[in-house]
Asks: 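Take a look at this one; I'll ask things after.
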Amino acid sequence: MDVALCLFSSDLRLHDQPVLHAALRAAPQVVPLFVVDTGIAGAGFMVPNRAAFLADALADLDAGLRERGGRLVIRTGDVVTETCRVAAETGAGEVHLAAGVSGYALRRERRLGAELAAAGRSLVVHDAVITAQPPGAVLPSGPGKDHFAVFTPYFRRWQAAGRRSVLPAPRSVRVPAEVRSEKLPSAQVLCPDGEPSPALPEGGERAGRRRFGAWQRSGMAGYQDRQDDLPGDATSRLSPYLHFGCLSPVELVHKASGRSDAGAEAFVRQLAWRDFHHQVLAARPGAARADYRTKGDRWRYDGAEVTAWKEGLTGYPVVDAGMRQLLHEGWLHNRARMLVASFLTKTLYVDWRVGARHFLDLLVDGDVANNQLNWQWVAGTGTDTRPNRVLNPLVQARRFDPEGAYVRRWVPELAGLAGPAVHQPWKLSGPERAAYDYPDPVVDLADGLVRFRRARGLE
Ligand SMILES: Cc1cc2nc3c(=O)[nH]c(=O)nc-3n(C[C@H](O)[C@H](O)[C@H](O)COP(=O)(O)OP(=O)(O)OC[C@H]3O[C@@H](n4cnc5c(N)ncnc54)[C@H](O)[C@@H]3O)c2cc1C
């Protein structure tokens, strides 16, 4: 075989890239292909923030391939049709691809395998590319169990399981000269409607490796103690790079596991959470839309309240700070994600799918496995072992933003309120309160709690 095809998906990198590595071993010439999937755009998953990051990541991947004598081949359309077409044009005998976990990815994989086989070609699917442990590699004991539903026992098995070793970036990549490529797509071409958030991170493998390097040197050691510190903003911010595969989770786990500090251990644990949600989705693809463990909720919907939540105008400063950060950066701290999601699903008692959709519209790391299953976790319809816990925004603010610095950063109209008083502007006396152009709370927390507990049959 003279040519093999490496079909990039959520693995836009050259370091520790098993798909490209295998294609290069299979044939002297390789077509590094990315298909701009019109199916994803049609399903509403291509949004301005992720389009901007993806455009950066593709340009960076192309530059890295060019340094090695190759280039990225771009096509637009249905992934299966376009891949089969390029395989036929170049005579590629094998197509290499990373295993996906969503229902969409699994269907695409099956279709591609069948169409390639019909043309006498083969599809080779690689595990442990987009997750550190492949879904299904770490399973509970007992017949018929196809995934873990609780994180802690999953994590124990995950830690004990072996891991593949890290692969070097290729030195050279020879691409057949005649293979035609479209131009690298801009963010505007990938998503013509809407504007990206103003403060997005730069996409691509190089930016991701720089960020990981810097964070490894100066952030990871303190992560254990600071991971919930809202104003400290001391998490890695690597999630978009992991989402697009600009960084390899296997490589990150290896690098962090090579250290002995508690920060590195806590970081590895978070990477395992990522794998955990992927293995749930792989086993239960329907959990992207339907309750994983239904509580029979009959959710409310109040358009004005949902709009106030989306715009950061609920009257609860810590909730509003989170929602405004999301609009501005397309990213949000995990603690803030949890508390704004609890506010929507439990305090306002609105369907988790409403919140999950809004997050997917904005998050640069927005991802079916992590987003939908974290939303379900918070809503109590997912894998949380305490499904009825409610995060009180005032308690959360006191614990994770004790001096109010996070709120003052994102809710500037309250910046004149010093210290923790910024969390409860409604407590100000009449004339003082009137000086702040900030809404009253959309709901009384105690009323919200009673409503939720009744709805769940707890009182
Ligand atoms: C309602 C809700 C929605 C979420 N939606 C997404 C999403 O669409 N995409 C996404 O990547 N994460 C999502 N998360 C998980 C988590 O909030 C983010 O991964 C994290 O905040 C990213 O910041 P970081 O890279 O600084 O994380 P760090 O704290 O530095 O953690 C390192 C990495 O571990 C992984 N990780 C950390 N926490 C989790 C978690 N709870 N679940 C899964 N993986 C985790 C991420 O890949 C992250 O980059 C969501 C969480 C909640 C509560």
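First listed ligand is number 1; within each ligand, the first listed atom is number 1. Heavy-atom basis, side chains included; hydrogens, waters and symmetry copies ignored.
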Asks: Verify ring-ring contact (aromatic ring centres under 6.0 Å, His included) between Trp215 and Tyr223, making sure each step is shown before the conclusion.
Replies: CA-CA 10 Å; Trp215 191 73; Tyr223 179 68; 5.5 Å; yes
Asks: What is the nearest protein non-hydrogen atom to atom 3 (C) of ligand 1, stated with its residue, atom name and distance?
Replies: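 The closest one turns out to be Asn371 OD1, 3.5 Å.
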Asks: Tell me the protein heavy atom at minimum distance from atom 23 (O) of ligand 1, and give that distance in Å.
Replies: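 Answer for atom 23 (O) of ligand 1: Trp331 CZ2, 3.3 Å.
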Asks: Would you say Thr235 and ligand 1 have an N/O pair spaced under 3.5 Å apart?
Replies: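 Min N/O separation from ligand 1 is below 3.5 Å for Thr235.
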Asks: What are the atoms of ligand 1, with element, lying closer than 4.0 Å to any heavy atom of Phe267?
Replies: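 Within the 4.0 Å cut-off of Phe267, ligand 1 contributes 32 (C).
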Asks: Students should be able to answer this: which protein heavy-atom is nearest to atom 19 (O) of ligand 1, and at what distance?
Replies: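 Result: Ser239 CB, 4.0 Å.
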Asks: Note the single closest protein heavy atom to atom 52 (C) of ligand 1, along with its residue, its atom name and the distance in Å.
Replies: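 The protein heavy atom lying closest is Asn374 CB, 3.3 Å.
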Asks: Report, as yes or no, whether the 6.0 Å neighbourhood of atom CD on Glu413 holds more than 12 heavy atoms from other residues, nucleotides or ligands.
Replies: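 Yes, CD of Glu413 has more than 12 neighbouring heavy atoms, counting only those of other groups under 6.0 Å.
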Asks: With rounding to the nearest 0.5 angstrom, report the CZ to OG1 distance, Arg156 to Thr152.
Replies: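 Nearest 0.5 Å value for the CZ-OG1 distance: 6.5 Å.
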Asks: Can you tell me how far apart CG (Leu24) and SG (Cys6) are? Round to the nearest 0.5 Å.
Replies: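 SG of Cys6 is found 7.5 Å from CG of Leu24.
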Asks: Quick check: Asp367 and ligand 1, any N/O pair under 3.5 Å apart?
Replies: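 Yes - when backbone and side-chain N and O of Asp367 are compared with those of ligand 1, one distance drops under 3.5 Å.
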Asks: Taking only heavy atoms of Ser236 into account, list the atoms of ligand 1 that are under 4.0 Å away from them.
Replies: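 Going through ligand 1 atom by atom, the ones under 4.0 Å from Ser236 are 24 (P), 25 (O), 26 (O), 28 (P), 30 (O), 32 (C).
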Asks: Specify whether Trp309 and Phe359 have parallel, tilted or perpendicular ring planes, treating 30° as the upper limit for parallel and 60° as the lower limit for perpendicular.
Replies: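 It falls in the parallel class, under 30°.
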Asks: Measuring from the heavy atoms of Leu373, does anything fall under 4.0 Å of ligand 1?
Replies: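 No.
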Asks: Any chance you could lay out the ring-ring contact (aromatic ring centres under 6.0 Å, His included) test for Tyr154 and Phe276, step after step, and finish with the verdict?
Replies: CA-CA 7 Å; Tyr154 171 78; Phe276 172 75; 5.4 Å; yes
Asks: Could you report the tightest heavy-atom contact between Pro231 and Arg409, atom names first, then the distance?
Replies: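 Reported closest heavy-atom pair: O-NH2, 2.9 Å.
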Asks: May I ask you to decide whether Asp16 forms a salt bridge with Arg164, counting only side-chain N to carboxylate O separations under 4.0 Å?
Replies: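 Yes, charged N to carboxylate O under 4.0 Å.
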Asks: Hey, which atoms in ligand 1 end up nearer than 4.0 Å to a heavy atom of Leu242?
Replies: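 With Leu242 as reference, the close atoms of ligand 1 come out as 47 (O), 49 (O).
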Asks: Among all protein heavy atoms in this structure, tell me which lies nearest to atom 39 (C) of ligand 1, with the distance rounded to 0.1 Å.
Replies: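 Going atom by atom, the protein heavy atom closest to atom 39 (C) of ligand 1 ends up being Gln270 NE2, 3.8 Å.
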Asks: Between Leu360 and ligand 1, which residue portion shows a heavy-atom distance shorter than 4.0 Å: side chain, backbone, both, or neither?
Replies: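 It is neither part, as no heavy atom is under 4.0 Å.
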Asks: Verify the neighbour count for atom CZ of Arg399: are there more than 12 heavy atoms of other residues, nucleotides or ligands below 6.0 Å?
Replies: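 No - once you tally the heavy atoms of other residues, nucleotides and ligands closer than 6.0 Å, there are 12 at most.
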Asks: Let me see the working for Tyr406 and Phe400 under ring-ring contact (aromatic ring centres under 6.0 Å, His included), right down to the final yes or no.
Replies: CA-CA 9 Å; Tyr406 178 68; Phe400 304 114; over 10 Å; no
Asks: What part of Leu363 sits under 4.0 Å from ligand 1 if we count only heavy atoms: the side chain, the backbone, both or neither?
Replies: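 The side chain, only.
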Asks: Taking 4.0 angstrom as the limit and counting only heavy atoms of Leu332, give me the atoms of ligand 1 inside it, by number and element.
Replies: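 Counting atoms of ligand 1 from 1, those under 4.0 Å from Leu332 are 21 (O).
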Asks: Specify the protein heavy atom at minimum distance from atom 13 (C) of ligand 1: its residue, its atom name, and the distance to 0.1 Å.
Replies: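 Closest protein heavy atom to atom 13 (C) of ligand 1: Arg337 NH1, 3.3 Å.
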Asks: Given Asn334, Leu362, Val340, which one has a non-hydrogen atom that is nearest to atom 17 (O) of ligand 1?
Replies: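 Shortest heavy-atom distance from atom 17 (O) of ligand 1: Asn334.
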Asks: Against Glu251, only a single residue in Arg209, Arg13, His15 fulfils side-chain hydrogen bond (donor to acceptor under 3.5 Å, both in side chains); can you say which?
Replies: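 The passing option is Arg209.
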Asks: Need the ligand 1 atom indices (1-based, order shown) with element for anything under 4.0 Å from a heavy-atom of Gly366.
Replies: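 Once the distances to Gly366 are compared, the set is 8 (O).
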Asks: Please verify whether a non-hydrogen atom of Met338 lies at under 4.0 Å from ligand 1.
Replies: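 It does; at least one heavy atom falls under 4.0 Å.
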Asks: Looking at ligand 1, does any of its N/O atoms fall within less than 3.5 Å of an N/O of Arg237?
Replies: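 Yes; at least one N/O pair falls below 3.5 Å.
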Asks: Mind telling me whether Phe53 and Phe244 have parallel, tilted or perpendicular rings, with 30° and 60° as the class edges?
Replies: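 The rings of Phe244 and Phe53 lie parallel, inter-plane angle below 30°.
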Asks: Is the shortest distance from a heavy atom of His277 to ligand 1 less than 4.0 Å?
Replies: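 The answer is yes, since His277 has a heavy atom less than 4.0 Å from ligand 1.
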Asks: Return the residue, atom name and 0.1 Å-rounded distance of the protein heavy atom closest to atom 29 (O) of ligand 1.
Replies: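 It is Tyr223 OH, 2.5 Å.
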Asks: Of all the atoms in ligand 1, which lie at a distance below 4.0 Å from a heavy atom belonging to Arg274?
Replies: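 Those qualifying, in numeric order: 43 (C), 44 (N), 47 (O).
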Asks: Go through ligand 1 atom by atom and flag the ones less than 4.0 Å from a non-hydrogen atom of Leu271.
Replies: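 Per the distance check, 33 (C), 34 (O).
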Asks: Could you go through the ring-ring contact (aromatic ring centres under 6.0 Å, His included) check for Tyr316 and Trp426 one step at a time?
Replies: CA-CA 9 Å; Tyr316 287 97; Trp426 60 87; 5.3 Å; yes
Asks: What atoms of ligand 1 come closer than 4.0 angstrom to any heavy atom of Leu238?
Replies: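 Those qualifying, in numeric order: 25 (O), 49 (O).
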Asks: For atom 9 (N) of ligand 1, what is the closest protein heavy atom, and at what distance to 0.1 Å?
Replies: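 Minimum-distance protein heavy atom for atom 9 (N) of ligand 1 reads Asp365 O, 3.0 Å.
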